[in-house]
Amino acid sequence: MKVVPKVNTEGLYLEDELVDDTFSGIVPFYTLSSPTQSESDTNQQLDTHRLADSSSSTTDVTSSESIPAGYTVGISVPPGLYHPRFDIQGWLTYEAVYAEKLLEAQNAYEQLSKESQVSFQKLHDEWQNKPENERGDEPVYSAQTFRAPERRDPTTFWSEGLSEEAIKELTQKAEQQPSETDQLKQRIADLEVTLTQLMLGNAGK
């Protein structure tokens, strides 16, 4: 098992989820829409987050139905982000383009392999048709190696979800709060003052 992030429909990080080690890619999770939900809100969510299913039929948006509430992302969040955001649309577009490139590479590999086999067979036939004392070493077939297109680092689809102003506000609040060391020093100072007051009180009796 492993821990992966969950995001809302805008790609903003929500929480972590425990999934199987084989989990990868992006998978939507669903929730039931409320019957009182406005038609415009529902249409906006569906238009923004539908995963290219042109064959699906139109449903009554005022009735209870399953709509994407967010996505489980099988890509770890890089460190240093205050509120991570995953580029869902960018990922889907990239995967579609990569699939096309991969198919082109596979087709090119198959074509090259066929040409290589034909060329080798011709060379081997020529070698075999020669007299034994003129053949020399038997030709050896060298199989072609398939090379898949290089993939983009998937963690680069994560970015900062907060504005610079929001980050500045957070850091300022963090700087204003005393550190654990400062808090411990203050407690020790308070205890020393209390102890001194108790000693003076006892000495005055």
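When all heavy atoms of L170 and Y82 are compared, the pair lying nearest together is CD1-CD2, 4.3 Å. V7 and V73 make their closest contact through CG2-CG2, 4.0 Å (heavy atoms, listed as atom of the first residue, atom of the second, distance). Contact record, T155 with S76: CG2-O, 3.8 Å, taken as the closest heavy-atom pair. Residues L12 and H83 share a closest heavy-atom pair of CB-NE2, 4.0 Å. For the pair I75 and P5, the tightest heavy-atom approach, listed with the atom from each and the gap, is O-CG, 3.6 Å. Counting all heavy atoms, side chain and backbone alike, F29 lies closest to Y71 at CE2-N, 3.2 Å.
To the nearest 0.5 Å, the span separating OG1 on T156 from CZ on R152 amounts to 3.5 Å. Here the straight-line distance linking atom CZ of F157 with atom CH2 of W91 works out to 6.0 Å at 0.5 Å rounding. Between E132 atom CD and E134 atom CD the span is 11.0 Å, to the nearest 0.5 Å. Atom OG1 of T145 sits about 5.5 Å away from atom CZ of R147, to the nearest 0.5 Å. Residue I26 holds its CD1 atom at 10.0 Å from OG1 of T72, rounded to the nearest 0.5 Å. The distance from the CD atom of E169 to the OG atom of S163 is 9.0 Å, given to the nearest 0.5 Å.
Of the N and O atoms on the side chains of Q144 and S113, not one donor lies less than 3.5 Å from an acceptor on the other residue. Inspection of the Q121 and Q117 side chains reveals no N or O donor paired with an N or O acceptor under 3.5 Å.
A donor-acceptor contact shorter than 3.5 Å links the side chain of N8 to the backbone of G11. Formation of a donor-acceptor pair under 3.5 Å by the S116 side chain with backbone atoms of L112 is not found in this model. With hydrogens and angles disregarded, a donor-acceptor distance shorter than 3.5 Å links the side chain of T171 to the backbone of I167. R135 places a side-chain N or O within donor-acceptor distance of the main-chain N or O of Q128, the cut-off being under 3.5 Å.
Within 6.0 Å of atom NZ in K2, more than 12 heavy atoms from other residues, nucleotides or ligands are found, so the atom counts as buried in its surroundings. Residue N133 places its CG atom among more than 12 non-hydrogen atoms of other residues, nucleotides or ligands, all under 6.0 Å distant. Under a cut-off of 6.0 angstrom, the local environment of CD in E164 is sparse, with at most 12 non-hydrogen atoms contributed by other residues, nucleotides or ligands.
Taking 4.5 Å as the limit, some side-chain heavy atom of L81 sits within range of a side-chain heavy atom of W158. At a threshold of 4.5 Å between non-hydrogen side-chain atoms, the residues D87 and Y94 do not count as touching.
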Might you work through the side chain to side chain contact (heavy atoms under 4.5 Å, CB included) test for W127 and D137, ending with a clear yes or no? CA-CA 9 Å; W127 173 85; D137 295 334; 5.9 Å; no
Tell me, with the steps shown, if V4 and D16 meet side chain to side chain contact (heavy atoms under 4.5 Å, CB included). CA-CA 5 Å; V4 298; D16 288 333; over 6 Å; no
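Taking the ring centroids of F86 and Y13, they lie at or beyond the 6.0 Å cut-off.
With hydrophobic clusters built from ILVMFWY side chains whose heavy atoms lie under 4.5 angstrom apart, M1 shares a cluster with V3.
Under the side chain to side chain donor-acceptor pair (under 3.5 Å) criterion, the residue pairs touching residues 95-109 are E95-R151, with sequence neighbours excluded.
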